[in-house]
Number of protein chains: 2
Amino acid sequence: MANAGPVRSVKKVSAEVQAADVLRESIVSGRLPPGMKLTEIKLSEQLEVSRATVRTALHQMAQEGLIVQVPYTGWTVMTLTSRDAWELYTLRSSLEALAARLVVERASRSTAESSMVKERLTKSLKALSAACVGGRKAEIAEADFALHKAIIALSGHRRLAEQYLKVEQQIRIYIASSDSLVPHPEQIVAQHQPLVDAIVRGDARMAAELSVTHNTEQGEILVGYLREQEARESA
Amino acid sequence: MANAGPVRSVKKVSAEVQAADVLRESIVSGRLPPGMKLTEIKLSEQLEVSRATVRTALHQMAQEGLIVQVPYTGWTVMTLTSRDAWELYTLRSSLEALAARLVVERASRSTAESSMVKERLTKSLKALSAACVGGRKAEIAEADFALHKAIIALSGHRRLAEQYLKVEQQIRIYIASSDSLVPHPEQIVAQHQPLVDAIVRGDARMAAELSVTHNTEQGEILVGYLREQEARESA
DNA sequence: TATTTGTCGATTGTCAGACAAGACATGATG
DNA sequence: CATCATGTCTTGTCTGACAATCGACAAATA
């Protein structure tokens, strides 16, 4: 994620998917800001694909919660309120707690699985720690996402991963809009270490609980920040 | 749900949505069985809409997890394995537990909210009870879904409701394929009563726990049934 | 003035038809 | 038997067109 490869090479992907990828990246990176209006024709010109292709890509993005469509009127980049933030963090919290439990269960099945889980999680945690030392917000946020995503991936639950991805992408919209939302580097490792420990230790209950509390805390910070901002704007 | 209004009247819906609705209904009702192959052209003739319109409807159904697409090859109605069942029930379990907690929290905010929650849930439970007396499997399953969905709706969490709907629809594919999966009528009320009680009583922890156990039990029955069936088929 | 009505431009919704591209089955060939 | 050409089916994508709807502004009206 940090160092984009020079060429995508071999893997041929359909124009649909390419268009969707470009759009998604533009949105989660903040290049297309919330509220930005998108029109099919302009996009088809910019992306050099037909309107039909743009359309399917737009529909997919809408499905992913990154844009909204108003019939016969247009598409706009999703604008998220404090309530949306609440929804996203409560949901994320639940999904991660489930994932944490599943990872523990999986690790308890064999020593091979167990050591694999341990290895991946400690690796992600180390990467996060390193990013915190570096101090660059974007990298920290990325490493943070990566750790959480590692837990999800280790759960081996396809639908869970899918739904989680959707939540994550929407959360990225906030991060793109203000990296003051990234917690202080000193706290981050301290926040994640216990969770990883609990999973590695095989304490499912604790792991789930830590997932919930961690996300809830993060969520409350974000919700609070947005509430303030909304109050300021409406004044 | 029971008595459909005489005429849909005013509300005009787009052909896209109509096509999607027809398809969805055909699948969850079992009229289009799992594994059934769908081709865009045939569907466009049957539904009397253009291929483009069918296409967007198909994409949406794929998104909802009801059909799968193999590039350049075709669309088929989703076939679900025992592993899929496991995924669906673990996910459902988590989502419902979250919803239950949120409903309790909401009910604790005002007596008006509280009595509304109580009213809706007891109403749904009574309907379920009545359906059990009736004894018709399809109606029982429907009332069961309705109760669960009522809890979700009462949580007031849009994204949660969306994701839950997706899970529910996929579960319906199983139910459509064999109504032997509907639990025995005598047990059903006994299974749901404690959950409703816990919510009404305001016991969030218990409500969440009951959601999990209830779903897990249901899920294990289904997974077991499917495992047997799969073993029989592979033999 | 305030309110309703009509008109117009912009944008999506839907359509038809065409061709390219990939997947799959079949049969020919070594 | 393995491998490779071949043909067919279906989706992927494009072009261009027209209808339906929305939003805003102007005009008519009370």
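The sequence lines fix the lettering, A, B, ..., with proteins before strands; numbering per chain opens at 1. From a predicted model like this one, the values you see are computed outputs, not experimental measurements.
Listed nucleotides D:dT10, D:dC22, C:dT14 differ in distance to A:Arg51; the shortest reach to its side chain belongs to C:dT14. Taking the side chain of A:Thr53 as heavy atoms from C-beta on, and the options D:dC14, C:dT12, D:dG12, the nearest nucleotide is D:dC14. Between C:dA23, C:dT11, D:dT11, one nucleotide has an atom nearer to the side chain of B:Thr73 than all others, and that is C:dA23. Candidate nucleotides C:dT12, D:dC22, C:dC15 were compared by shortest atom distance to the side chain of A:Gln69, and C:dT12 ranks first. Listed candidates were C:dT11, C:dT14, D:dT13. Nearest to the side chain of A:Thr39 is C:dT11. Candidate nucleotides C:dT14, D:dT11, C:dT12 were compared by shortest atom distance to the side chain of B:Ala15, and C:dT14 ranks first. Out of D:dG12, C:dC15, C:dT12, the shortest distance to the side chain of B:Ser50 is found at C:dC15.
Straight-line distance from the CD atom of A:Glu48 to the C1' atom of D:dT13: 15 Å, rounded to whole Å. Distance B:Ile41 CD1 to D:dT8 P: 16 Å, rounded to the nearest Å. A straight line from NZ of A:Lys42 to P of C:dA10 spans 11 Å, rounded to a whole angstrom. In this structure, A:Gln60 atom CD and D:dG12 atom P are separated by 12 Å, rounded to whole Å. The distance between atom NZ of A:Lys37 and atom C1' of C:dT11, rounded to the nearest whole Å, is 7 Å. The distance from atom CD of A:Glu40 to atom P of D:dT13 is 16 Å, rounded to the nearest whole Å. Rounded to an integer number of Å, the gap from CD of B:Glu16 to P of D:dA20 is 16 Å. Rounded to whole Å, the distance from OH on A:Tyr72 to P on C:dA10 is 19 Å.
Residue contacts for B:Leu58: at a heavy-atom cut-off of 4.0 Å it reaches no nucleic acid atom on any strand shown. Within the 4.0 angstrom heavy-atom criterion, only backbone atoms of the sugar-phosphate kind lie near A:Val49; the bases stay farther away.
With respect to the salt-bridge test (charged N to carboxylate O, under 4.0 angstrom), the residues A:Glu162 and B:Lys166 qualify. In this structure, B:Lys123 does not pair ionically with B:Glu119, as no charged nitrogen and carboxylate oxygen lie closer than 4.0 Å. For B:Arg172 and B:Glu168, the salt-bridge test passes: some basic side-chain N is under 4.0 Å from an acidic carboxylate O. Residues B:Arg55 and B:Glu40 are paired through a salt bridge, judged by an N-O separation under 4.0 Å between the basic side chain and the carboxylate. A salt bridge does not link A:Glu87 with B:Arg158: every distance from a Lys NZ or Arg NE/NH1/NH2 to an Asp or Glu carboxylate oxygen is 4.0 Å or more.
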